[in-house]
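One structure is given here, and the rest of the page talks about it.
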Protein chains: 2
Amino acid sequence: MMERHSTLREQRRAETQRTIQAHAVRLFTERGYDATAINDVADAAGVSPMTVYRHFPTKEDLVLVDQHRQLIAERIAASSPAQPLVRRIGRALIEAAATLTSGRRTPDLATSEQFLLDRLRLMISTPALRAKHLDNYYALQQAIVDALGDDTTEPDAAFHAHAAASACLATMHTALVRWAEDDGKTDLSTLIAAALAAAFGDDDLTPGADG
Amino acid sequence: MMERHSTLREQRRAETQRTIQAHAVRLFTERGYDATAINDVADAAGVSPMTVYRHFPTKEDLVLVDQHRQLIAERIAASSPAQPLVRRIGRALIEAAATLTSGRRTPDLATSEQFLLDRLRLMISTPALRAKHLDNYYALQQAIVDALGDDTTEPDAAFHAHAAASACLATMHTALVRWAEDDGKTDLSTLIAAALAAAFGDDDLTPGADG
DNA sequence: AACAATTTGGTAGTCACTAACATTGGAGTT
DNA sequence: AACTCCAATGTTAGTGACTACCAAATTGTT
């Protein structure tokens with residue numbers, strides 16, 4: 001029994017997915033999100049509408065940016081529980097953004113920073129997408145709370161963790177908005193650090209030597 | 001030319017609106033949000049589907065809780081600009097919640113605390129509504145930033161204001177979730193104050209004598 | 001070549017939401 | 001009271017996102 005089912009199949013599937021998303025983002029940017037039907041995207045990508053739905057369960061998913069949930073959760077889990085919650089979370093967000101942008105200057109469209117900016121702009125400017133985007137933060141928030149681990153010494157630990165996580169994520173979102181407005185000129189992790197400092201005061205949020 | 005157009009007409013319209021929303025929340029709670037069609041709501045309320053759409057532009061609006069944007073904005077605008085941003089915002093949120101719940105123990109369904117809790121629970125448990133709910137915060141965030149006023153001494157004042165506002169609102173949301181989970185047993189403003197303290201440290205957030 | 005599994009296409013249907021038009025019933029006027 | 005005006009409602013037909021179901025094509029394996 002093979003586990004590595006296929007390579008060609010996966011390649012084609014991934015390419016189809018990229019093609020669909022690329023055309024979708026292009027059309028959304030050109031004509032607007034609401035003015036572009038899934039059928040238009042399918043026609044432009046040269047596939048049937050059904051195929052679009054198979055690759056992207058909803059129209060919104062054609063634009064969504066994954067938030068590196070895994071990477072952030074890992075960094076938080078690896079951080080010292082002795083530190084304040086917002087510092088543990090804030091540092092993870094800053095570091096995740098740093099690795100994100102550092103590896104994104106590739107010629108490949110799917111991972112290019114420009115493509116990321118295009119999707120981010122769409123998400124910010126389109127109400128329907130904004131709602132979904134924010135909803136996505138909810139899942140990330142839960143992942144952060146889980147990664148923080150259970151602090152059994154504090155009775156309201158979970159409540160505090162949720163509060164800190166949502167506050168940090170909302171602050172990061174502000175930085176993302178600014179980043180998109182500036183067309184990516186300013187470094188994203190720097191912006192996130194600045195936003196966190198503005199919201200929470202001058203905590204030592206720079207991702208230096210971790211305790 | 002009359003300005004006080006009518007009383008009976010407005011009464012009927014308001015009553016129709018309340019009836020529709022009451023049946024909607026009831027059906028959503030009983031059968032689930034997605035499993036309930038607008039037609040079902042219309043039938044239950046004894047009106048046509050069109051009437052539902054005229055009173056509530058979207059299905060989500062049947063559940064949405066307004067966040068007392070005006071009240072919060074007024075309190076922030078009245079606060080002293082010398083204080084830290086999160087304290088100005090946090091106090092306004094706490095005080096708004098206090099006035100909200102204090103006046104909500106009326107027998108009237110539309111303003112009853114139970115009805116508010118029902119809608120809140122729906123919003124939290126239903127993904128589609130969660131997204132819209134969070135999107136609503138975005139508008140409130142903008143109102144808060146506007147109410148804070150322009151701090152011309154700081155170059156990144158607007159950015160800092162957005163960061164602080166979104167962080168505070170996200171924290172308040174955490175408190176709302178807890179409040180709904182506890183079925184309103186704990187005082188809402190107390191919960192919000194606790195969440196803010198957890199996220200931002202022990203700032204003096206109690207709405208005592210304002211500076 | 002033959003078979004199994006995965007991907008894709010087509011059809012029909014549900015549901016949220018909109019636009020255009022007809023109808024009803026209060027509100028103010030004569 | 002009769003009449004006009006206007007807001008509220010109803011009706012119909014349509015668009016578009018999304019799903020369920022079935023058929024066809026393509027790929028990996030025997």
Side-chain angles (χ1 to χ4, degrees), chain A residues 1-21 23-25 27-28 31-64 122 126-133 135, chain B residues 1-21 23-25 27-28 31-64 122 126-133 135:
Chain A
M1 310 306 160
M2 302 258 85
E3 292 184 0
R4 201 88 211 95
H5 264 309
S6 60
T7 52
L8 200 145
R9 238 181 196 147
E10 288 176 353
Q11 276 180 21
R12 288 218 180 159
R13 179 173 177 83
E15 187 185 339
T16 303
Q17 192 160 332
R18 277 196 301 270
T19 303
I20 292 172
Q21 192 179 28
H23 282 284
V25 171
L27 289 176
F28 291 163
R31 309 183 195 169
Y33 180 80
D34 291 329
T36 306
I38 294 279
N39 286 15
D40 301 337
V41 175
D43 290 346
V47 296
S48 84
M50 273 307 302
T51 303
V52 177
Y53 284 118
R54 290 234 175 68
H55 285 271
F56 300 91
T58 73
K59 188 181 178 184
E60 296 158 340
D61 287 313
L62 285 162
V63 185
L64 275 190
L122 275 171
T126 309
L129 288 172
R130 231 185 300 146
K132 175 82 173 192
H133 185 209
D135 186 51
Chain B
M1 315 304 165
M2 301 262 83
E3 292 185 0
R4 199 88 212 95
H5 263 311
S6 61
T7 50
L8 199 148
R9 238 183 195 144
E10 287 175 354
Q11 276 179 20
R12 287 218 179 159
R13 178 175 178 81
E15 188 185 340
T16 303
Q17 191 159 335
R18 277 196 301 270
T19 304
I20 292 172
Q21 193 179 27
H23 282 283
V25 171
L27 288 176
F28 292 163
R31 309 183 195 170
Y33 180 79
D34 291 329
T36 307
I38 293 280
N39 284 18
D40 300 337
V41 175
D43 289 348
V47 297
S48 83
M50 271 309 302
T51 303
V52 178
Y53 285 118
R54 289 226 177 71
H55 284 272
F56 301 91
T58 74
K59 190 181 178 183
E60 296 158 341
D61 287 312
L62 284 163
V63 183
L64 276 189
L122 276 171
T126 309
L129 287 172
R130 232 185 299 148
K132 176 81 173 193
H133 186 209
D135 187 50

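Excluded from the calculations below are hydrogen atoms, water molecules and symmetry mates; all remaining heavy atoms, backbone and side chain alike, are included. Only a predicted model underlies this, so the values are computations on that prediction, with no experimental measurement involved. Letters A, B, ... mirror the listed sequences (proteins, then strands); counts begin at 1.
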| Under 3.5 Å: donor-acceptor pair, side chain of A:Glu60, backbone of A:Lys132 | no

| task | Say whether, by atom type as modelled, one donor and one acceptor occur between the side chain of A:Thr58 and the main chain of A:Asp61 under 3.5 angstrom. | result |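 Checked: pair present.
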
| request: For B:Arg54, report the nucleic acid contact type (base, sugar-phosphate, nothing); a contact means any heavy atom under 4.0 Å. | output: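 It contacts base atoms.
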
| request: Check the distance between C:dA27's C1' and B:Arg12's CZ and give it to me in whole angstrom. | output: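 So the two atoms are 13 Å apart, to the nearest Å.
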
| query | Can you check the B:Leu62 CG to C:dC15 P distance for me, whole Å? | reply |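 Going from CG in B:Leu62 over to P in C:dC15 covers 16 Å.
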
| query | Going from CG on B:Leu62 to NE2 on B:His55, what distance comes out if it is rounded to the nearest 0.5 angstrom? | reply | 11.0 Å

| message | With rounding to the nearest 0.5 angstrom, report the CZ to CD distance, A:Phe28 to A:Gln21. | response |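 Between A:Phe28 CZ and A:Gln21 CD, I get 10.0 Å after rounding to 0.5 Å.
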
| request: Using the ring of A:Tyr33 (Phe, Tyr or Trp, six-membered ring only), decide whether A:Lys59 places NZ or CZ under 6.0 Å from its centre and within 45 degrees of its axis. | output: yes

| request: Classify every nucleotide of nucleotides 15-20 of chain D by which part a protein heavy atom approaches to under 4.0 Å, writing B for the base, S for the sugar-phosphate alone and - for neither, in 5'-to-3' order. | output: --SBBB

| request: Report yes if at least one side-chain N or O of A:Thr16 is closer than 4.0 Å to OP1 or OP2 of C:dT7; otherwise report no. | output: no

| Are OP1 or OP2 of D:dA8 and a side-chain N or O of B:His55 less than 4.0 angstrom apart? | no

| field | A:Thr19: partners by side-chain hydrogen bond (donor to acceptor under 3.5 Å, both in side chains), with sequence neighbours left out | value | none

